[in-house]
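Have a look at the structure below, then the notes.
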Amino acid sequence: MAKGNKLTPQSEDFSAWYNEIVYKADLADLSPVRGSMVIKPYGYALWENIQKNLDQMFKDTGHENLYFPLLIPMSFFQREAHHVEGFSPELAVVTHAGGKELEEPLAIRPTSETIIGEMYSKWIQSYRDLPLLYNQWANVLRWELRTRPFLRTTEFLWQEGHTAHANADEAVAETNQMLDVYTEFAEYYGAIPVIRGEKTAGERFAGAKMTLTIEAMMRDAKALQSATSHYMGTNFAEAFNISFNDENNQQAFAHTTSWGLSTRFIGAIIMSHGDDQGLIMPPRLAPSQVVIVPIYRRDDEVAKAQVLGEVDKLARQLKDKNVRVRVDKREGISPGFKFNEWEQKGVPLRVELGPKDIEQGTALLANRLEPDKETVKLESLAEGIPERLERFHEALYQRAKSFRDSHIFEVKDYAEFKEKIEEGFVYASHCGDPESEKQIQEETKATARCIPLEGPSASGIPCIHTGKASGYPRKVIFAKAY
RNA sequence: CGGGGCGUAGCGCAGUCUGGUUAGCGCACUUGGUUUGGGACCAAGGGGUCGUGAGUUCGAAUCCCACCGCCCCGACCA
């Protein structure tokens with residue numbers, strides 16, 4: 001019966017599983033250009049739900065959207081030393097246009113700090129112009145050597161928030177606030193538990209004074225940086241002359257921040273929740289929260305009309321409750337095929353409705369997280385769906401959390417570190433020396449993910465690698481990462 | 001750029017070593033019929049610059065040369 005439509009099991013080859021599900025669930029397709037991809041309707045619908053909800057959170061915290069251009073004068077990148085160093089290797093540059101060589105080459109934005117800095121310097125004259133709280137939804141381009149769908153593509157979609165403030169306190173508060181926003185987004189919408197923390201100097205954004213991150217654990221126990229929030233200090237303000245007169249008519253540099261979440265988050269959803277059957281969509285972001293599969297014989301027109309009538313009625317009731325519902329009326333495809341397909345696409349709840357059910361006034365309800373189907377009264381089915389979706393979200397979140405918690409280890413020495421790093425995340429005291437971090441990476445493939453905001457104290461505990469005093473108040477999280 | 005592999009139908013592959021009719025298989029697709037409550041079956045069809053170029057040969061997917069492209073592993077990254 002079952003043909004070769006099965007996915008490679010995660011336990012056999014997680015990476016093969018990931019690649020297969022991206023295409024089989026119809027999230028994306030390869031493009032003719034190496035390293036870039038087409039985001040197909042099912043994947044894009046997921047992105048639209050991410051956008052919609054995150055955007056509302058930005059607006060609720062006082063931000064406005066605007067749009068900066070794609071092309072950035074090459075010279076802008078030279079102005080901030082760390083920034084140019086960090087981004088030059090992955091810049092794509094337009095050198096010719098209109099059949100002629102350009103006087104100044106134009107970089108395709110890999111991120112927009114520089115051009116935004118240039119514009120902010122024009123817009124900001126007085127402390128009354130601050131804070132400036134802007135965000136843009138855009139595409140960016142980074143010439144990556146190795147690419148993977150959603151996780152690292154040459155072109156990707158994201159939002160980048162860029163704010164300017166009168167002093168460090170406000171800017172740092174903004175940086176923290178946006179980390180809170182991302183945390184809530186990942187957990188409340190994505191059902192993805194995250195570890196919040198600060199990046200070590202070596203992992204910091206090019207040009208930042210402080211980088212905050214949310215790190216999530218994928219089901220292969222590797223880490224995925226899911227969003228970041230940066231405090232730039234006055235680095236960009238000095239490079240782009242973003243200065244203003246303060247209340248005492250003194251010139252001062254603005255303190256800036258930037259923060260972003262990209263289509264990589266789709267990768268986080270895939271790898272946080274998916275199983276050997278395919279995707280599992282978090283209900284609050286799922287393109288379809290419920291799919292209804294009508295069942296009937298083609299030769300029985302009466303039953304067919306009756307079934308489709310009930311199905312439409314149920315769909316209407318669900319829409320009235322703001323449930324995203326999809327009815328799969330495709331003909332010539334067996335119900336069993338549809339069940340498998342929607343399971344692979346990760347739809348949280350599925351209703352199966354046929355003549356036998358209607359006779360009894362019931363429907364079969366399948367839950368993507370549970371093996372058995374439930375018989376539910378048709379008349380009260382719609383009413384119970386919103387709550388079932390809430391419970392589904394909670395179960396999904398708890399499932400991810402308990403997986404993560406059972407794959408985090410606290411280690412005492414380097415030998416134990418090397419052993420446990422193969423199994424998941426590791427808390428270890430670290431001196432903070434970038435050289436030591438590098439060596440650890442070479443020896444174990446693991447990187448310092450972050451200094452967690454909450455976690456075991458490192459005070460008085462020597463570095464597991466160098467034996468020197470800990471460089472941070474808490475133990476650092478190390479992990480192999482995407 | 002270093003190491004390995006691959007280019008044959010939309011996808012996955014066989015055929016290449018040992019040259020020889022009309023280039024084949026699975027999936028997908030089209031049509032018809034039987035099916036439809038867990039990935040249906042039967043039958044008939046459509047679809048190919050065998051990566052590109054030059055060569056050897058009576059004859060090249062197959063041999064030689066050059067080029068191009070892609071994938072995997074390593075160094076960089078949201």
Side-chain angles (χ1 to χ4, degrees), chain A residues 1-7 13 15-16 19-20 23-24 29-35 85-91 109-111 138-148 150-160 182 199 202-206 208 211 213-216 223-230 258-268 277-278 293-300 303-304 307 328 330-344 350-360 362-364 366 371-373 375 438 441-442 445 447 481-482:
Chain A
M1 282 281 262
K3 294 265 166 52
N5 228 349
K6 288 239 159 64
L7 295 161
D13 186 345
S15 176
N19 286 327
E20 287 170 23
Y23 304 118
K24 287 194 173 169
D29 199 0
L30 287 175
S31 94
V33 177
R34 194 195 72 89
E85 194 186 322
F87 280 104
S88 313
E90 47 194 49
L91 278 188
R109 65 178 163 220
T111 180
N139 59 338
V140 287
L141 199 82
R142 298 183 184 176
W143 209 253
E144 300 289 353
L145 299 177
R146 291 205 57 204
T147 58
R148 300 195 65 192
F150 294 112
L151 299 176
R152 185 171 301 106
T153 46
T154 299
E155 180 185 357
F156 58 95
L157 305 181
W158 76 348
Q159 56 69 215
E160 45 180 325
Y182 287 138
K199 286 291 185 187
E203 298 280 327
R204 214 174 268 157
F205 177 78
T211 288
T213 177
I214 53 173
E215 299 284 328
L224 185 72
Q225 177 178 311
S226 304
T228 48
S229 180
H230 316 287
S258 76
W259 25 274
L261 178 147
S262 74
T263 36
R264 168 180 271 192
F265 196 80
I266 291 176
Q277 249 45 274
V293 179
I295 296 164
Y296 51 81
R297 297 172 162 275
R298 195 172 55 178
D299 58 9
D300 189 344
K304 175 178 172 180
V307 167
D328 188 351
R330 288 175 297 171
E331 307 235 0
I333 297 172
S334 71
F337 184 91
K338 293 178 182 176
F339 300 163
N340 282 291
E341 183 172 305
W342 293 114
E343 274 165 18
Q344 196 163 70
R350 181 179 69 243
V351 176
E352 304 170 14
L353 196 53
K356 292 179 205 163
D357 305 295
I358 290 173
E359 241 171 67
Q360 293 161 34
T362 60
L364 271 183
D372 297 321
K373 288 186 263 200
T375 303
K438 238 176 157 180
Q441 180 173 6
E442 278 165 21
K445 307 262 183 224
T447 49
Y482 281 97

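The shown structure was predicted, so the numbers you read here are calculated from the model rather than taken from an experiment. Note on naming: letters A, B, ... go to the chains in the order of the sequence lines (proteins, then strands), and numbering restarts at 1 for each one.
In this structure, B:G37 makes no Watson-Crick or G-U wobble pair, since no nucleotide meets both defining distances under 3.5 angstrom.
Taking the ring axis of A:Phe339 as reference, the NZ or CZ atom of A:Arg350 stays within 45° of it and closer than 6.0 Å to the ring centre.
Spacing between atom CG of A:Asp328 and atom C1' of B:G39 amounts to 13 Å, rounded to whole angstrom units. The interatomic distance linking A:Arg350 (CZ) with B:G37 (P) rounds to 13 Å, in whole Å. Taking atom CZ of residue A:Phe337 and atom P of nucleotide B:C41, one finds them 12 Å apart after rounding to whole Å. In this structure, the CG atom of A:Leu261 is 13 Å from the P atom of B:A78, given to the nearest Å. Remark: P of B:A78 and NZ of A:Lys199 are 7 Å apart, rounded to the nearest angstrom. In this entry the distance linking CG of A:Leu30 with C1' of B:G10 reads 13 Å, nearest Å. When the P atom of B:A28 is taken as reference, atom OH of A:Tyr23 falls 21 Å away, rounded to whole Å. A:Phe150 places its CZ atom 15 Å from the C1' atom of B:A78, with the value rounded to the nearest Å.
Across B:C58 and B:G74, the matching P atoms stand 50 Å from one another, rounded to whole Å. Straight-line distance between the P atoms of B:U30 and B:G47: roughly 15 Å, to the nearest whole Å. Comparing B:C64 with B:A28, their C1' atoms are spaced 38 Å from each other, to the whole Å. Only the C1' atoms considered, B:G15 is 8 Å distant from B:A61, to the nearest whole Å. One P atom belongs to B:G19, the other to B:A60, and the distance between them is 14 Å to the nearest Å. The P atoms of B:A14 and B:G51 are separated by 13 Å, rounded to the nearest whole Å. Here, B:U62 and B:G46 have their C1' atoms 28 Å apart, quoted to the whole Å.
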Review item, nucleotides 68-76 of chain B N/O atoms under 3.5 Å of protein N/O:
residue	atom	partner	partner atom	Å
B:C73	OP1	A:Arg146	NH2	3.3
B:C73	OP2	A:Arg146	NE	3.3
B:C73	OP2	A:Arg146	NH1	3.0
B:C73	OP2	A:Arg146	NH2	2.1
B:G74	OP2	A:Arg146	NH1	3.4

Atom pairs under 3.5 Å, N or O on each side, protein against nucleotides 34-36 of chain B: can you list them with distances?
residue	atom	partner	partner atom	Å
B:U36	OP1	A:Arg297	NH2	3.2
B:U36	OP2	A:Arg297	NH1	2.3
B:U36	OP2	A:Arg297	NH2	3.3
B:U36	O4	A:Arg298	N	2.9

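Between the side chain of A:Lys373 and the base of B:G38, at least one donor-acceptor pair of N or O atoms lies under 3.5 Å. Judged by atom type and distance alone, A:Glu343 reaches the base of B:G38 through a side-chain donor-acceptor pair under 3.5 Å.
Picking from B:G38, B:A78, B:G37 the nucleotide with the shortest atom distance to the side chain of A:Asp357 gives B:G37.
Scored by the side-chain contact (heavy atoms from CB on, under 4.5 Å) test, A:Glu155 finds A:Asn139, A:Leu141 as partners (sequence neighbours excluded).
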Output, in order, the C-alpha distance, side-chain angles, deciding distance and verdict of ring pair (Phe, Tyr, Trp, His ring centres under 6.0 Å) for A:Phe87 and A:Phe205.
CA-CA 10 Å; A:Phe87 280 104; A:Phe205 177 78; 5.7 Å; yes
